[in-house]
**Q** 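Structure provided below as structure tokens; questions to follow.
Sequential numbering from 1 along the given sequence is applied to the chain's residues. Remember, it's a predicted structure, so these values are computed and weren't measured experimentally. Keep in mind that the numbers below use all heavy atoms, side chains included, and drop hydrogens, waters and symmetry copies.
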Amino acid sequence: RNKMREDAVDGLFPDHLRRPVAVLSISNYLGLPYEATRRHVMKLVDLGYVRRIGSREFLISRDVLTQPEFVAMARDTYNLAAQ
């Protein structure tokens with residue numbers, strides 16, 4: 001079994017060790033139009049779920065990723081994908 005790095009507290013690396021992503025990368029990965037993706041990302045920024053890093057990159061903070069409702073959603077998504 002792989003040993004988890006010590007800096008991955010509770011299985012999650014601190015914000016400064018994770019790379020932010022650009023809207024274009026999200027758009028390409030999801031196959032959605034850039035402008036629609038940008039609007040959704042900006043809405044997540046406004047709601048406080050996503051933090052802007054510089055002018056073009058974004059990051060979901062560790063604080064958000066460890067919220068109970070986010071953990072539950074991630075677990076449900078993983079379980080659905082594993083079926």
**Q** In the hydrophobic clustering that connects Ile, Leu, Val, Met, Phe, Trp and Tyr at side-chain heavy-atom distances below 4.5 Å, which members other than I53 occupy its cluster, ordered by chain and number?
**A**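 Cluster partners of I53: L59.
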
**Q** Search all heavy atoms of Y34 against all heavy atoms of L24 and return the closest pair with its distance.
**A**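 Heavy atoms only, the tightest pair is CE1-N, 3.7 Å.
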
**Q** List in chain and number order the residues that pass salt bridge (Lys or Arg N to Asp or Glu O under 4.0 Å) with D15, two or more places apart in sequence or in another chain; answer none if no residue qualifies.
**A**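 D15 satisfies salt bridge (Lys or Arg N to Asp or Glu O under 4.0 Å) with R18, R51 only.
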
**Q** Can you list the residues that meet the salt bridge (Lys or Arg N to Asp or Glu O under 4.0 Å) rule with R39, with sequence neighbours excluded?
**A**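 Applying salt bridge (Lys or Arg N to Asp or Glu O under 4.0 Å) to R39 gives E35.
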
**Q** According to the salt bridge (charged side-chain N to carboxylate O under 4.0 Å, His left out) rule, which pairs have a member within residues 67-78, sequence neighbours left out?
**A**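 Output for this query is empty, none listed.
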
**Q** Identify, with sequence neighbours excluded, every residue that meets side-chain contact (heavy atoms from CB on, under 4.5 Å) alongside V21.
**A**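 With sequence neighbours excluded, V21 shows a side-chain contact (heavy atoms from CB on, under 4.5 Å) to I26, given in chain and number order.
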
**Q** If I take atom CE from residue M42 and atom CG from residue D46, how far apart are they, to the nearest 0.5 angstrom?
**A**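 If I round to the nearest 0.5 Å, the distance is 6.0 Å.
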
**Q** Measure across P33 and S27 and return the closest heavy-atom pair with its distance rounded to 0.1 Å.
**A**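 Nearest pair, atom of P33 first, then S27: C-OG, 3.6 Å.
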
**Q** Applying side-chain contact (heavy atoms from CB on, under 4.5 Å), can you list everything that pairs with R19, at least two apart in sequence or on another chain?
**A**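 Result, side-chain contact (heavy atoms from CB on, under 4.5 Å) vs R19: none returned.
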
**Q** Once you round to the nearest 0.5 Å, how far does CZ of R38 lie from CZ of R56?
**A**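 CZ of R56 is found 12.5 Å from CZ of R38.
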
**Q** Answer with yes or no whether the hydrophobic clustering places F13 together with V71; edges join I, L, V, M, F, W, Y residues whose side-chain heavy atoms lie under 4.5 Å apart.
**A**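 No, no single cluster joins them.
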
**Q** In the single-linkage hydrophobic clustering (I, L, V, M, F, W, Y; side-chain heavy atoms under 4.5 Å), do L32 and V45 co-cluster?
**A**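 Yes.
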
**Q** List the residues meeting side-chain contact (heavy atoms from CB on, under 4.5 Å) with L80, not counting sequence neighbours, and say none if there are none.
**A**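 Once residues adjacent in sequence are excluded, the partners of L80 under the side-chain contact (heavy atoms from CB on, under 4.5 Å) criterion are Q83.
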
**Q** Is a side-chain N or O of T66 found less than 3.5 angstrom from the main chain of R62, in a donor-acceptor match?
**A**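 Between the backbone of R62 and the side chain of T66 there is a qualifying donor-acceptor contact (under 3.5 Å).
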
**Q** State, to 0.1 Å, how close F58 and V23 come at their nearest heavy-atom pair, and which atoms those are.
**A**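 So the minimum-distance heavy-atom pair works out to CE1-CG2, 3.5 Å.
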
